[in-house]
Amino acid sequence: MSDALQDKIPTFGGKGQKTEVGIAGGASALMGGPSRSAFEIAIIALVAVVIIGGAELLIRLFEVPLYIFPPPSAIGAALISEWPFLWPHLVTTICELLIGFSIGASIGFVLAAVITQFPFAEKIITPYILLLVTTPMLALVPLLVLQFGFGWEPRIIAVALASGPMVMINSATGFRRVDLAKIALAKSFGASTLQIFTKIRIPMAMPMIMVGMMIGSIFGLLTTVGAEMVGGAEGLGNRLNYYSSMIRMPQFFAVIVLLATIGITIYVIFFLIGKKWTSWES
Amino acid sequence: MNGAAGAVSDAHMPAKMRVEQASKIYQTKSGGVHALDNVSIDVREGEFLCLLGPSGCGKSTLLWSMAGLHGLTSGKISLGSDVINKPHPEIAMIFQEANLLPWRNLGRNIELPFEIKKQPPNRERIQKLLKRVGLEGFESKYPRELSGGMQQRASIVRSLAVDPSVLLMDEPFGALDAFTRDEMNLLIQEIWMETGKTIIFITHSIAEAVFLADRIVVMSARPGRIANIVDVDLPRPRPVKLQTTPDFLERVEAIKAMIDHRPNS
């Protein structure tokens, strides 16, 4: 395990403080980012035009065969012409991701909230959570397919298993950031344990919870597509297999464009939520 | 209520809060630490009492116990006829460094106690208090947008908004610069004179204690004990320039001598 990777994976217990700094740094990189001026956005758009136009030009100039790399215009055309066949798969992928992530994230969040209240139990459970975080849940898909068949169940289970531990481990880091003075403040006004939880602990942990949600959902997307490629009769991952086996590269890249769109949408959603709920920390 | 309140609060007035033989021992790996050793204080109704002492003298432990946030190892704390073993609605605490919630704006910070008590916020009272401390119109600001002094003024409003009769203040102005501190000391004196609250105020600054207090409980460390109780009968309202008068400086020196006379310091 490299140092960089170790920085990203929070360990529980003694070294919590140090890890938290690394995670918090990651948090600001993920959630914050510099705000951009209209000029910068224009430049970014210009670069996109140059890259797409350049690719189009070079591919046509050197007459790259369609099955090696299709020009952007062919990908766009494929996206439009294949749309009637693609959209049900897009819906399948999004549903699997949403359902799997919702299940995994809910369990991960609740587990983090509960377990951080019991330091001993936390120490016992942590290695197993780390195991879940580090093991690619994709590897379980063939096994799950044996159990549940080629339907949506194995994929949703895999997505939940991939995203849940990510949400849990980051939320737990957030919940461990206890500020005793703030808890004492709430107590001094007669707050109940539940009120301390909802009014102090959750808002305090929110920046880390959002990081967990974002990383977890991106892991979820990876696992959704991977599971569809390994053991699925439907979904965008399945389409990747299908089009590549038929050497229909424009259609293949059209699917990639859809996947990239889902990924960016996830990022934007969590960026906006994070901006609203965690801006107090910056 | 007026300035005479402090001077009048005499021995024949009933105790507002009573600390009886309070002891607290913290268990650590290297054995027990005797944070408080047999401390008894009668806090008079409406008085301004300062707890003064070096760090480690148990003054914070005592104050947190009076707030019902800490248990004692032995002894008893009572407010009137109520035994304090958990937070009491008549007692509000003001913490070091304001302790505002950074994710709430100032208005919502002040409404926190009402939310916890599941009461509608008393907006009229809040507005009056905000105006009194000069924070009117700042309700939508977040704590990070306010200076340290403004934050601490907001936390005073938060505590007073629910109209407690006892205010416990745990070194509230320790983190402020000297000018802001003088300003805050004047403000808290004025608020005390206007409202007649009973205030118990922790400080490690002798000058601050002499400036604010009717009585100063001087504490010594390890174990935390009461070394002396000093009456301060300076007339009120006390102006900032009082702090440079010979009488004031003499009182400060006398207390300093008491603390220095501890055998092993």
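Every chain is numbered from 1 and lettered A, B, ... according to where its sequence line falls, protein lines coming before strand lines.
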*Heavy-atom distances under 4.5 Å only: say whether Leu69(B) touches chain A with side chain, backbone, both or neither.*
side chain
*Can you find a heavy atom in the side chain of Lys182(A) that is under 4.5 Å from one in the side chain of Pro102(B)?*
yes
_Which portion of Met206(A) sits near chain B, non-hydrogen atoms under 4.5 angstrom_ = neither
*Drop me the distance from Asp179(A)'s CG to Asn99(B)'s CG, to the nearest 0.5 angstrom.*
6.5 Å
_Under 4.5 Å from a heavy atom of chain B, the part of Ile200(A) involved_ = both
*With a cut-off of 6.0 Å (strictly less than), are more than 12 heavy atoms of other residues, nucleotides or ligands near CZ of Phe175(A)?*
yes
*Is it the backbone or the side chain of Leu168(B) that comes under 4.5 Å from a heavy atom of chain A, or both, or neither?*
neither
*Between Ala191(A), Ser192(A), Ala181(A), which shows the greatest number of heavy-atom pairs under 4.5 Å with chain B?*
Ala181(A)
*Are side-chain heavy atoms of Gln195(A) and Lys118(B) found at a separation under 4.5 Å?*
yes
*For residues Trp103(B) and Lys199(A), report the shortest heavy-atom separation together with the two atoms involved.*
CZ2-O, 3.4 Å
*Should we say atom NZ of Lys117(B) is surrounded by more than 12 heavy atoms from elsewhere, each under 6.0 Å from it?*
yes
*Check each atom of Leu100(B) against the heavy atoms of chain A and say whether the ones under 4.5 Å are side chain, backbone, both or neither.*
backbone
*How far apart are the C-alpha atoms of Leu185(A) and Leu112(B), what are their side-chain angles, what is the distance that settles it, and do they pass the side-chain contact (heavy atoms from CB on, under 4.5 Å) test?*
CA-CA 10 Å; Leu185(A) 169 80; Leu112(B) 177 77; 3.9 Å; yes
*Nearest heavy atoms of Ser188(A) and Pro87(B), plus distance in Å*: O-CB, 3.8 Å
*Could you look at Pro113(B) and say if it's the side chain, the backbone, both or neither that has a heavy atom under 4.5 Å from chain A?*
both
*Count the heavy atoms of every other residue, nucleotide or ligand shown that sit under 6.0 Å from CD of Gln27(B), and state whether that count exceeds 12.*
yes
*Do other residues, nucleotides or ligands put more than 12 heavy atoms under 6.0 Å from Gln119(B) CD?*
yes
*Tell me, side chain or backbone of Glu97(B) under 4.5 Å from chain A's heavy atoms, or both, or neither?*
neither
*Trp64(B) atom CH2, neighbour heavy-atom count above 12 within 6.0 Å*: yes
*Flag the one option from Arg158(B), Gln96(B), His88(B) with the top tally of heavy-atom pairs under 4.5 Å to chain A.*
Arg158(B)
*Is the number of heavy atoms from other residues, nucleotides or ligands under 6.0 Å of Tyr26(B) OH greater than 12?*
yes
*Enter the distance from Phe189(A):CZ to Glu115(B):CD here, rounded to the nearest 0.5 Å.*
11.5 Å
